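See structure below.
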Amino acid sequence: MSNKTGTQSFATRCIHAGNTTDSATGAVMPPIVTSSTYVHPAFGEAPEYIYSRTANPTCEALERCVAELESGVKALAYSSGMAATAAVLELLDSCSHVIAPAGMYGGTLRLFSEVRSRSAGHEFSFVDFSDPENVAAATRPDTRLIWVETPTNPLLQIIDLEAVVSLAKSSGGDKNILVAVDNTFASPCLQRPLELGCDIVMHSTTKYLGGHCDVIGGMNIVADHELAARMQSLRTATGGIASPFDAYLVLRGVKTLALRMERQVANAGAIAAWLQNHAGTSVVHYPGLESHAQHDLAVRQMDGFGAVVSFVLVGDVARFMNQLSVFSVAESLGGVESLAGHPATMSHSGLTPEQRSAIGIEDNLIRLSIGIEDADDLIADLEQALAENC
């Protein structure tokens, strides 16, 4: 993928995308507009903004910026990544069929299998996307959405987006099969699914777009004006909007996205290579390693390999985690701080042991979110924790 649009690099567009300078005052950063309602110039004359559940100037500044970074026509900000994911399902009629990866984020799996299967009657097929034929085999006449997560959480499988798009277009018949991609782990810095023909991109803006572990948010970016209008109408009806202050924090984070990702991806590559040769690990998952099953696909589809590294620990999880000092043991990912997580008791704790085992999440699997600290310090911290554990 190209990391340039026209003559401007992605790093430059992180600063200037969406023309977010305030036109009224010239403020470089847009003001946080907290008003819920707006005065009509006269009776029967609607203002540009009417009610902040429909549109808010601060939220729209963020939306314009990220829509441009993702090569979309419109972005919509939500109160959380899960609210943004749920909003995609609102596009479907009841009792629709959805195909999704078996090994995806536990919160999404729970929303699909426990909530919307009951409340909307949707049927979900969870398949291994490493072979597109598995997706083709799961497609039915009532399939309306293929949900993709790439890289997947936490095993970092890479899914071939062009193959999925081709399948959706050829299998839809007279009904459109939407392709929606959770792009949280890559961010638009490393991967832009709309440029590959996908319909919707979802982000938990809590992660790399916000980048500082100080905001909860979500976003959907769409490639089509008609789809954008439908999603905006649905968001107004259901009300899962982002707050102006949260939108401001995410926009502030986006300004440094390219700079942060450059350091984080470099750190992650160094750590993954080091872990691969350590006796304290049995398996290391990172798309940048040539041993990764989809390494060649990652090279072709992405502009970098991401900043999450997962590995299977040889030894006691609690002893290893408690020995860490630079890494913080915590949920989430994507911030400037390096975090160590345990999927079995954190991101995928809602699954049964049998469900986790079926998708390859072992009890000794550790997920590292690599921050912007010095790589040598991070490796030293892992080294002493592993030495204590071996």
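This chain uses plain numbering: 1 for the first residue, then up along the sequence. Reckoned from all heavy atoms, side chains included, excluding hydrogens, waters and symmetry mates. What you see is a predicted model; the values in this text were computed from it and never measured.
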Regarding [X] and [Y], is there a side-chain donor-to-acceptor distance under 3.5 Å anywhere?
| X | Y | value |
| --- | --- | --- |
| Y208 | Q264 | no |
| Y78 | T205 | no |
| D128 | Q157 | yes |
| S338 | E373 | yes |
| E70 | H203 | yes |

Problem set entry | Heavy-atom closest pair, residues V309 and I370 | CG2-CG1, 4.3 Å
For this session: Sort out for me which residue in I158, L297, V308, D296 forms a side chain to side chain contact (heavy atoms under 4.5 Å, CB included) with P287.
Result: I158
For this session: Could you tell me whether a side-chain N or O of S170 sits under 3.5 Å from a main-chain N or O of L167, the two making a donor and an acceptor?
Result: yes
Does the side chain of [Y] come within less than 4.5 Å of [X]'s, by heavy atoms?
| X | Y | value |
| --- | --- | --- |
| L156 | F305 | no |
| V88 | W147 | yes |
| K207 | F185 | no |
| L365 | H285 | yes |
| Y286 | L275 | no |

Problem set entry | Residues R116 and E90 bridged, charged N to O under 4.0 Å | yes
Exercise. Salt-bridged, D214 to R252, with N to O below 4.0 Å?
Worked result: yes
Seminar exercise, completed: Given the options Q191, R192, E149, N183 meets side chain to side chain donor-acceptor pair (under 3.5 Å) only with Q191
Quick one: [atom1] on [X] to [atom2] on [Y], what's the gap to the nearest 0.5 Å?
| X | Y | atom1 | atom2 | result |
| --- | --- | --- | --- | --- |
| T20 | R64 | OG1 | CZ | 7.0 Å |
| L109 | H348 | CG | NE2 | 7.0 Å |
| L351 | R110 | CG | CZ | 9.5 Å |
| D316 | M321 | CG | CE | 11.0 Å |
| S96 | L145 | OG | CG | 9.0 Å |
| I200 | D182 | CD1 | CG | 12.0 Å |

Problem set entry | Within 6.0 Å of CD in Q276, more than 12 heavy atoms from elsewhere | yes
Exercise. Just wondering, more than 12 heavy atoms not from N277 lying within 6.0 Å of its CG?
Worked result: yes
For this session: Determine, step by step, whether R263 and D374 satisfy the side-chain contact (heavy atoms from CB on, under 4.5 Å) criterion, reporting the C-alpha distance in whole Å, the side-chain angles of both residues, the deciding distance to 0.1 Å, and the verdict.
Result: CA-CA 9 Å; R263 179 64 170 265; D374 186 90; 4.3 Å; yes
For this session: Step by step, work out the side-chain contact (heavy atoms from CB on, under 4.5 Å) result for L378 and L368.
Result: CA-CA 11 Å; L378 294 172; L368 303 177; over 6 Å; no
